[in-house]
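Computed over heavy atoms, backbone and side chain alike; hydrogens, waters and symmetry mates excluded. Predicted, not measured: the structure shown is a model, and the values here were computed from it.
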Amino acid sequence: MIIAIANSKGGVGKSTIAVQGSAERARRGRDVLLINGDRQHSSELAMLARAEARVEPAIACVRYSEGPELRAQLKHQRTKYDDVFIDVGGRDSSAMRAALSMADVVVVPFAPGSFDVWALEEMNELLQEALSTRDPFPIYALLNLADPKKESADNLEALSALDDYPVYERLPFVMVRRKQFANASGQGLSVNEFKPKVAKASEELDLLMAVFDK
C-alpha cells in the first residue's frame, strides 16, 4: 500500500504523521519504506535517530524530492514493501503531484487556524487534478494538532470548512497537539514504542492505523 501524507501547507504535522505511521506499521510486523518527498530532512533525521539507537524493527528511509525520480522509484520498489509512506509537501511540487498520481491512500493533515484551512482549497485543486487522470482513491482529511478540548471553536470551525470540499472524507477522530507525538517522532518511534506510554496518544494512533486496514 502506498500512503501519501500530503498538504501544500507546511507546519501541519505531515512528517510527524508519516513517522508515526511508518514506525507503528513496522512495529506491527509490516515491511515499511518511508520516502521523504520534500527537501526538508525531518523524516530522514527521525529514521536516522532510530537507526543509531538500533531500534528494531529497522525502517528503510530514502529521499526522492523530484517528481520523475519519485515516480520511477515507486514503480520499482512498491512491490518490495508492504507499506510505502510518502512524506510530501508543504508546497505544490513535482514530487507532490507524482505522489498523488500513484498513492493508494492520501491523508491530508490540517491544523486549526485560518491559514491551514485556506490551504485545503489548494489541495482540493491538486487532488481534483490527480483524480482526473486516474481511478478514484481514498482521500482522508485529518484534523491534526487539534485543541485538546474536542468541541473547541477552533476545532469545530476547521472541521466545518471541509463541507466546502467534497473531495475529502473527514476522519471521525482528531489527533491532538501532544508532546508525546513530537518527542517520539524525533526519535523515529511511534508513541506505542515511546516510554512512558500515554494512553490517549496511543489511542489516536491506533485509530489512524485502523484507517489503513480498511
Side-chain angles (χ1 to χ4, degrees), residues 1-26 30-51 57-111 115-116 118-142 144 165 167-169 185 188 208 211-212:
M1 177 184 291
I2 299 176
I3 303 163
I5 312 298
N7 194 325
S8 58
K9 171 73 170 59
V12 296
K14 293 182 302 296
S15 295
T16 296
I17 297 296
V19 169
Q20 286 299 305
S22 299
E24 182 61 15
R25 295 290 273 187
R30 307 280 287 182
D31 194 8
V32 175
L33 171 66
L34 174 58
I35 296 177
N36 180 1
D38 196 0
R39 293 173 183 172
Q40 293 186 355
H41 303 168
S42 302
S43 299
E44 291 174 81
L45 292 174
M47 289 301 120
L48 178 60
R50 183 184 182 94
I59 299 172
C61 182
V62 293
R63 188 199 317 174
Y64 304 126
S65 57
E66 300 299 331
E69 182 182 29
L70 176 57
R71 192 186 307 273
Q73 290 297 329
L74 272 176
K75 289 179 179 178
H76 178 64
Q77 299 191 48
R78 67 184 304 168
T79 59
K80 297 181 180 180
Y81 296 90
D82 298 320
D83 295 314
V84 179
F85 281 82
I86 313 174
D87 177 11
V88 209
R91 59 191 177 88
D92 180 3
S93 66
S94 61
M96 167 84 78
R97 292 171 181 266
L100 297 182
S101 73
M102 298 187 70
D104 298 308
V105 177
V106 173
V107 176
V108 181
F110 69 106
F115 292 123
D116 300 282
W118 293 340
L120 291 171
E121 182 174 358
E122 182 178 12
M123 274 305 298
N124 174 68
E125 294 174 1
L126 291 169
L127 290 162
Q128 293 289 2
E129 184 175 330
L131 285 166
S132 71
T133 63
R134 54 166 294 182
D135 292 336
F137 55 97
I139 301 168
Y140 299 111
L142 170 63
N144 191 39
Y165 307 107
V167 71
Y168 300 110
E169 180 178 343
S185 296
L208 180 61
V211 172
F212 303 141

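Residues Val12 and Val108 have side chains not in contact (no heavy-atom distance under 4.5 Å, counting atoms from C-beta outward). Using a 4.5 Å heavy-atom cutoff, the side chains of Asp83 and Asp31 are not in contact. At least one side-chain heavy atom of Arg78 sits under 4.5 Å from a side-chain heavy atom of Asp104. Within the 4.5 Å cutoff, side-chain heavy atoms of Val105 are placed close to those of Tyr140. The side-chain heavy atoms of Gln128 and Val167, taken from C-beta on, include a pair separated by under 4.5 Å. Put simply, the side chain of Leu33 does not reach to within 4.5 Å of the side chain of Cys61, judged on heavy atoms. Counting heavy atoms from C-beta on, the side chains of Arg50 and Pro57 come closer than 4.5 Å. Between Asn36 and Val62, the closest side-chain pair of non-hydrogen atoms is not below 4.5 Å.
Between Arg97 and Glu129, at least one side-chain nitrogen of the basic residue sits less than 4.0 Å from a carboxylate oxygen of the acidic one, meeting the salt-bridge criterion. A salt bridge does not link Lys14 to Asp87: none of the charged nitrogens lies less than 4.0 Å from a carboxylate oxygen.
One finds the CE atom of Met96 at 9.0 Å from the CZ atom of Arg91 (value rounded to the nearest 0.5 Å). Remark: Leu131 CG to Ser101 OG distance equals 11.5 Å, nearest 0.5 Å. Considering CE of Met102 and CG of Leu70, their distance stands at 8.0 Å, rounded to 0.5 Å.
For the side-chain contact (heavy atoms from CB on, under 4.5 Å) with Ile86, the qualifying choice from Asp38, Ile3, Leu74 is Leu74, the only one to do so.
Side-chain atoms of Tyr64 and Gln77 include a donor-acceptor pair closer than 3.5 Å.
If you look at Tyr168 and Phe110, their ring centroids are not closer than 6.0 Å.
Side chain of Arg25 to main chain of Asp82: no donor-acceptor pair is present (N/O by atom type, distance under 3.5 Å, no hydrogens or angles).
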